[in-house]
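First the structure, in the form of structure tokens, and then the observations on it.
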Amino acid sequence: MTATPDFLSHLNPSQRRAVEHFCGPLLVVAGAGSGKTRALTYRIANLILTHKVDPENILAVTFTNKAAREMKTRIETIFAQQMAQRKHGQRLELLPEEEQTQLRSRVYKKYIKPLWVGTFHSLFARILRLDINKYQDEQKHQWNRNFSIFDESDAQSLVKNIVTKQLNLDDKKFDPRKVRYAISNAKNQGLSPLDAEKEHSGYKGRVIAEVYRHYQNQLASNNALDFDDLILVPVKLFQQNETVLGYWHQQFRHILVDEYQDTNRIQYDLIRLLSTNGETQKSAWNWQDRSIFVVGDADQSIYSFRMADFTILLEFQQNFGDGLPDEDTRTMVKLEENYRSRENILQAANSLIENNTQRIDKVLRPTRGLGEQIYVHKADDEVEEAHFVVNQIRRMEQQYPELNWGNFAILYRTNAQSRPFEDALRGKVPYIIVGGLKFYDRKEIKDSLAYLRAIANPDDTVSLLRIINTPRRGIGQATIDRLMGAAQELNISLWEILSDQTSVNTLAGRSAKGVNSFAEIIQRWQQQVEHLSAAEIVKGIMEESGYIDDLKKQGTDEAENRLENVSELYNAVLQFQEENEDTSLEGFLANASLASDLDDLKDGQKSVSLMTLHSAKGLEFPVVFLVGLEQGLFPNYRSMDDPASLEEERRLCYVGITRAQEQLFLSHARERRLYGNREPAVRSQFLEELPKELVSSTLVKVKKSKVEASENNLQSSTQLNRQTSKRSIKQSQEWTVGELLIHDTFGTGEVTHVFGSGNKISIAVKFSGIGQKILDPTKASLQRVQ
DNA sequence: AGGAGTGCGCTTTTT
DNA sequence: GCGCACTCCT
């Protein structure tokens, strides 16, 4: 590999400082759209290329699995590019396809696969599968490497069961959801059930601590962990076992954390333990050949309900850095140029966020043209709002050849708002909904996974109970109660009863036959788990259990759909096996529990994206519709009487606005259905916080009667805004000779000629070391420099 | 044991 | 306005 990587020329000076930083701590304050992913990926590449860091010594924490995948792909491209240059003296994309694939797969194997890139949860689930046998909690509970990961609904029902059945409490007074939240809270402060008991003197707190204790006992007896445990257990393990900590400290010499403003205390503890080997004295730290590199933006902190705490970011300079003022510090870099959005959009975002008091001043310098005004649409109700948005999308898609459906996003505060938009889009425009009912939350998928979990981890009683009578095997509640009662009395797991025919025959009475045949199927697959791939097991167990036949027998559309989903799950397993070396059932299950809908959002998919503002973090779209801007909805009524929560809502709005590249539409309705009743709605205060001169509401209103009308009508009603829109889109193509730009694959270049006019522009760009290229600016992905 | 019918409460956001 | 939990009936 080359000694001085030329890819560094793609960076602006601050990005370059961040990328070239080698040892010790560094905080990168990265505003929206300032190229932080670029900084992260280039830095990783540079560590390996320039500083000869072994990829397996790099730990990079991302916020979603999707971000992790993207990061890996981008690093792979950098390496493949370098290799193409060195071995063939050519740009990667100029090589034969076959050659490219081969190069990429070599790069992947050598440099990408050994990297530790993922979310906190997936990375530490992986570490726990290696080391959890060395851990014991305060109450001497232990787990083994086949542990199940309980998702939020598993956790929820466990709590509910404890509150209502085991402790016979009033679930009005002890709302299982609130209790679960309190437990999560305790875990995120690193408190054990015993700590929680000491912490609380009041009745309610003590009861919750008791539920927590029961909850933790049950997790342990199921050999299961919840999401919080995936972070908490490693922290406790590292604290109680310095050999284990030492091992991982040694392993992860370079730690990178993305979206640092959304980490919470316990995640901070984890990172701190790993990077400092548990030394509390700064003077004892040794940064030789080590670094901690975090990237974040306090203005985009939107996960405090998940205990995220952006003061952790603000404290980085004291905790890790030199603590010097901004002018003198060597442990902080600010990325302030925004390469994403039009100036109008940026100014709106900036004005909005200035209404927050809890922030550090940060400027976002625009690098692109002024762009369009922001349109605010006042709709009659949520149905008309949806029609407005959909019609606007159809118009623009038709009008601008450079726009496709995938360039539009509809963002809302709550998942429940998606329905009217789906209704308006259906049959007309391809769309995908991110979030809401996730694939892995569907009944048939949860059932399938329960079969797999029961096979991988026989102690997982929750899963066994889910499927013991699904499909129907004539096993009723009475039988289940007797089996469970016996297990509890003997202090053994349900499975130990089920797998013993004598016990079953005594306890289950007339259902014994069903129970025994169920146990026998599970047992047979358990015995083969080591020899078979996850895919073979899924296929086998779902057929043999009668689950598939049962659905086929039903013959309804719904059952048909469920069958499709089950086979979709099978495909997911196959895909997982292709992408991962760990093809074991446990490997797949861990992945499945931590997967999210967002992970499937692909760029190539030419569909309008519908999602919540939270899901939209980190994404960008040429045209964004931010809908439902009404008091009580956004900002949400639960946040309105608490200043800190209101500021978080405002940050959420800020995140939404800064997703837009070219054009931003905001909408609100005069009245809206809520729980089935029509309620009048008031404009969101956030709308009032935008500078008047940036906003326009003169867009031609589409009347309800026109909604079903043909394209002709749509065209005529758009007359007014056509000119202005056109100007905005065109502006992105206006290039002048001498301008500098960054091309995704060719790097930095200078515009030498501009050909043609109007929509048919092409430009000639001179790239250093590559020469001149003629590009279509509407097709190529270009970033203007300054 | 299992299906059908009724009433109640609910909506933030997610790894 | 919908999903879920509970009850009653076969």
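Chain identifiers are assigned alphabetically (A, B, ...) following the order of the sequence lines, protein sequences preceding nucleic acid strands; residue numbering begins at 1 within each chain.
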Task: side chain to side chain donor-acceptor pair (under 3.5 Å) assessment of E630(A) paired with S684(A) - done: CA-CA 4 Å; E630(A) 292 141 42; S684(A) 168; over 6 Å; no

Open item on the list: Distance to the ring centre below 6.0 angstrom and angle to the axis at most 45 degrees; does that hold for K617(A) and F63(A)?
Closed with: yes

Open item on the list: Here's one to test your reading of the geometry: is the NZ or CZ of R272(A) within 45 degrees of the ring axis of Y268(A) and under 6.0 Å from its centre?
Closed with: no

Using atom [atom1] of [X] as one end and atom [atom2] of [N] as the other, report the distance to the nearest whole Å.
X	N	atom1	atom2	result
N677(A)	dC8(B)	CG	C1'	15 Å
Q417(A)	dG1(C)	CD	P	17 Å
R510(A)	dA1(B)	CZ	P	9 Å
L674(A)	dT11(B)	CG	C1'	8 Å
D423(A)	dG1(C)	CG	C1'	13 Å
D228(A)	dT15(B)	CG	C1'	9 Å
I468(A)	dG2(B)	CD1	C1'	16 Å

TODO: Give the ring-plane orientation class for F421(A) versus Y412(A), where under 30° counts as parallel, over 60° as perpendicular and anything between as tilted.
DONE: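 Ring orientation of F421(A) relative to Y412(A): parallel.
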
Task: Distance below 4.0 Å between T64(A) side-chain N/O and dT15(B) OP1 or OP2 - done: no

TODO: Using a cut-off of strictly less than 4.0 Å, decide whether R472(A) has a side-chain nitrogen or oxygen near OP1 or OP2 of dA1(B).
DONE: no

What's touching nucleotides 12-14 of chain B from the protein side, N or O pairs under 3.5 Å?
| unit_1 | atom_1 | unit_2 | atom_2 | d |
| --- | --- | --- | --- | --- |
| dT12(B) | OP1 | R638(A) | NH1 | 2.2 |
| dT12(B) | OP2 | R638(A) | NE | 3.1 |
| dT12(B) | OP2 | R638(A) | NH1 | 2.5 |
| dT12(B) | O2 | R413(A) | NH1 | 2.6 |
| dT12(B) | O2 | R413(A) | NH2 | 2.3 |
| dT13(B) | OP1 | N415(A) | N | 2.8 |
| dT13(B) | OP1 | N415(A) | ND2 | 3.2 |
| dT13(B) | O4' | R413(A) | NH2 | 3.4 |
| dT13(B) | O2 | R413(A) | NH2 | 2.7 |
| dT13(B) | O2 | H614(A) | NE2 | 3.4 |
| dT14(B) | OP1 | T612(A) | OG1 | 3.1 |
| dT14(B) | OP1 | S615(A) | OG | 3.2 |
| dT14(B) | OP2 | N415(A) | ND2 | 3.4 |

Testing the 3.5 Å rule here: is there a donor-acceptor pair between the side chains of [X] and [Y]?
X	Y	result
N222(A)	Q218(A)	no
S148(A)	N457(A)	yes
T414(A)	Q417(A)	yes

Task: C1'-based separation of dA5(C) from dT12(B) [nearest Å] - done: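 Those two atoms are separated by 23 Å.
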
TODO: For dT11(B) and dC6(C), measure between their C1' atoms and round to the nearest Å.
DONE: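 Pairwise C1' distance, dT11(B) against dC6(C), rounds to 23 Å.
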
Task: Reading 5' to 3' through nucleotides 2-10 of chain C, protein heavy-atom contacts under 4.0 Å coded B for base, S for sugar-phosphate only, - for none - done: S--------

Open item on the list: Less than 4.0 angstrom from a charged side-chain N to a carboxylate O is my criterion; do R678(A) and E671(A) meet it?
Closed with: yes

- [ ] Give a yes or no on whether a salt bridge exists between E648(A) and R651(A), defined as a side-chain N under 4.0 angstrom from a carboxylate O.
- [x]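 Answer for the salt bridge query: yes.
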
Open item on the list: Classify T479(A) by what it touches in the nucleic acid, base, sugar-phosphate, or nothing, heavy-atom distance under 4.0 Å.
Closed with: sugar-phosphate

Open item on the list: Return whichever of N469(A) or T119(A) has its heavy-atom-nearest nucleotide of DNA chain B closer to the 5' end.
Closed with: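 Of the two residues, N469(A) wins.
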
Open item on the list: Reading DNA chain B from 5' onward, which residue's closest nucleotide shows up sooner: H121(A) or R473(A)?
Closed with: R473(A)

